[in-house]
Amino acid sequence: MYKPFQQYLEKSLFDNFDLHSEPIPQGLDRNVSERGKNPATIQSWCYRSPEFRKIRYTYIDAGVAAQVFNGVIYPDHRYDAPLLGIDLLSFGKKKILVVIDFQPLFRDEAYTAKYVEPMREMYERYGDLAQNLGMKFYDANQYFSKYLLFAKTDIETVESRVLPAFKDYVESYWTMIRGTEPSTDASEIQRIVQAQKDYDQYSAERDPAHGLFTSYFGNEWADRFLYEFLFEDAVPLAVSH
Ligand code: BLA
């Protein structure tokens, strides 16, 4: 159900950037589970380009039980720009949740003016997808912008509204990165390295998908997937889930 999103992203990436494939750790690029009622397949892709140090996305296809398209694009450390975050979820037709955001690395006023405020016009075109839903797992004030699209919706709206919004966010993310001057200052770059690392740590610790990965593929695989691929710059906590 989210395959058109993946196809669009892939084509737009290849059309706009000089992509190189990045290896995915052994056994994490693809897995198939026969545990559930429906067989579940998870598959991931990873690239880099001069502008982006890590482009990763994952598709989970468990038939009607689960369809997920999740991805994060990390700019090169010379750019303080937000990350592009995508989480499109569908569980058994009734529960469809879509999240698309330019995920800010910093929260100060200058940063917000530079990267978040320009999203406003685009955001306002999709008012129906900006539902102000409360967050259970994450803190909406950390690594989310106030112009994120976050909606509980249905299959028709995914096609008619979410896909156009997704394309708009993706294209304007490319425009944003092109308009950003890469830093050459070592201490500024170090600050960005740390902020992206903090994002991985925060995300790995909060990720609501660990249970989903465990139910299909087991706890060991779930831990590896989280800490060796999705959020590889995070350090596992001493106590596991
Ligand atoms: C919520 N994301 C969720 C949920 C799951 C996933 C299972 C909980 C849905 C629920 O029951 O309410 C799934 N997360 C995944 C999967 C992967 C993952 C499958 O990382 C990896 C393959 N999440 C992101 C990114 C964003 C994001 C990049 O990974 C940013 C756009 C947002 N996901 C996001 C938000 C919620 C969510 C805001 C709601 C969480 C909350 O209520 O706190």
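Atoms within a ligand are numbered from 1 in the order they appear, just like the ligands themselves. Quick note: residue numbers are just sequence positions, from 1.
Within the listing of ligand 1, atoms 28 (C) sit less than 4.0 angstrom from a heavy atom of G71. Less than 4.0 angstrom separates some heavy atom of F150 from each of these atoms of ligand 1: 39 (C). When each atom of ligand 1 is checked for a heavy atom of L230 under 4.0 Å away, the hits are 21 (C). Shown in contact with V68 at under 4.0 Å from a heavy atom are these atoms of ligand 1, numbered in order with element: 19 (C).
Proximity of Y143 to ligand 1 is not established, as no heavy-atom distance is less than 4.0 Å.
One finds a salt bridge joining K54 and E232 here, because a Lys/Arg side-chain nitrogen approaches an Asp/Glu carboxylate oxygen to under 4.0 Å. By the 4.0 Å N-to-carboxylate-O rule, D233 lies close enough to R53 to be salt-bridged with it. Remark: E220 does not engage R224 in a salt bridge, criterion side-chain N to carboxylate O under 4.0 Å. Here K114 does not pair with E109 in a salt bridge; the nearest charged N to carboxylate O distance is not below 4.0 Å.
The nearest heavy-atom contact from the protein to atom 17 (C) of ligand 1 is N70 ND2, 3.3 Å. Closest protein heavy atom to atom 16 (C) of ligand 1: A209 CB, 3.3 Å. With hydrogens left out, the protein atom closest to atom 8 (C) of ligand 1 is P208 CB, 3.8 Å, a heavy atom. Looking from atom 32 (C) of ligand 1 to the surrounding protein, the closest heavy atom is V99 CG1, 3.7 Å. Of the protein's heavy atoms, Q103 OE1, 3.5 Å lies nearest to atom 30 (C) of ligand 1.
Between D87, V72, L84, V98, it is D87 that holds the heavy atom closest to atom 23 (N) of ligand 1. The nearest non-hydrogen atom to atom 5 (C) of ligand 1, considering only I86, D207, L89, comes from L89. Closest heavy-atom approach to atom 10 (C) of ligand 1 among the candidates K136, K95, R206: K95.
Note: no N/O pair closer than 3.5 Å links Y199 and ligand 1 by distance alone. The shortest N or O to N or O distance between Y138 and ligand 1 is under 3.5 Å. Taking any N or O of F137, backbone or side chain, at least one lies under 3.5 Å from an N or O belonging to ligand 1.
Side-chain polar atoms of Y8 and E171 form a donor-acceptor pair below 3.5 angstrom. A donor-acceptor contact closer than 3.5 angstrom links the side chains of Y74 and D200. For the 3.5 Å distance criterion, the side chains of Q194 and D198 qualify, holding a donor opposite an acceptor.
Note: F213 and F217 fail the aromatic proximity criterion, with ring centroids not under 6.0 Å apart.
Counting heavy atoms closer than 4.0 Å to ligand 1, residue I60 contributes side-chain atoms (C-beta onward) but none from N, CA, C or O.
Side-chain atoms of W221 do not come within 3.5 Å of backbone N or O of L28 as any donor-acceptor pair.
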Before you tell me yes or no, could you show the steps for Y79 and E181 under side-chain hydrogen bond (donor to acceptor under 3.5 Å, both in side chains), namely the whole-Å CA-CA distance, both residues' side-chain angles and the distance that decides it to 0.1 Å?
CA-CA 7 Å; Y79 298 95; E181 203 55 49; over 6 Å; no
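Counting heavy atoms of neighbouring residues, nucleotides and ligands inside a 6.0 Å radius, atom NZ of K197 does not exceed 12 of them.
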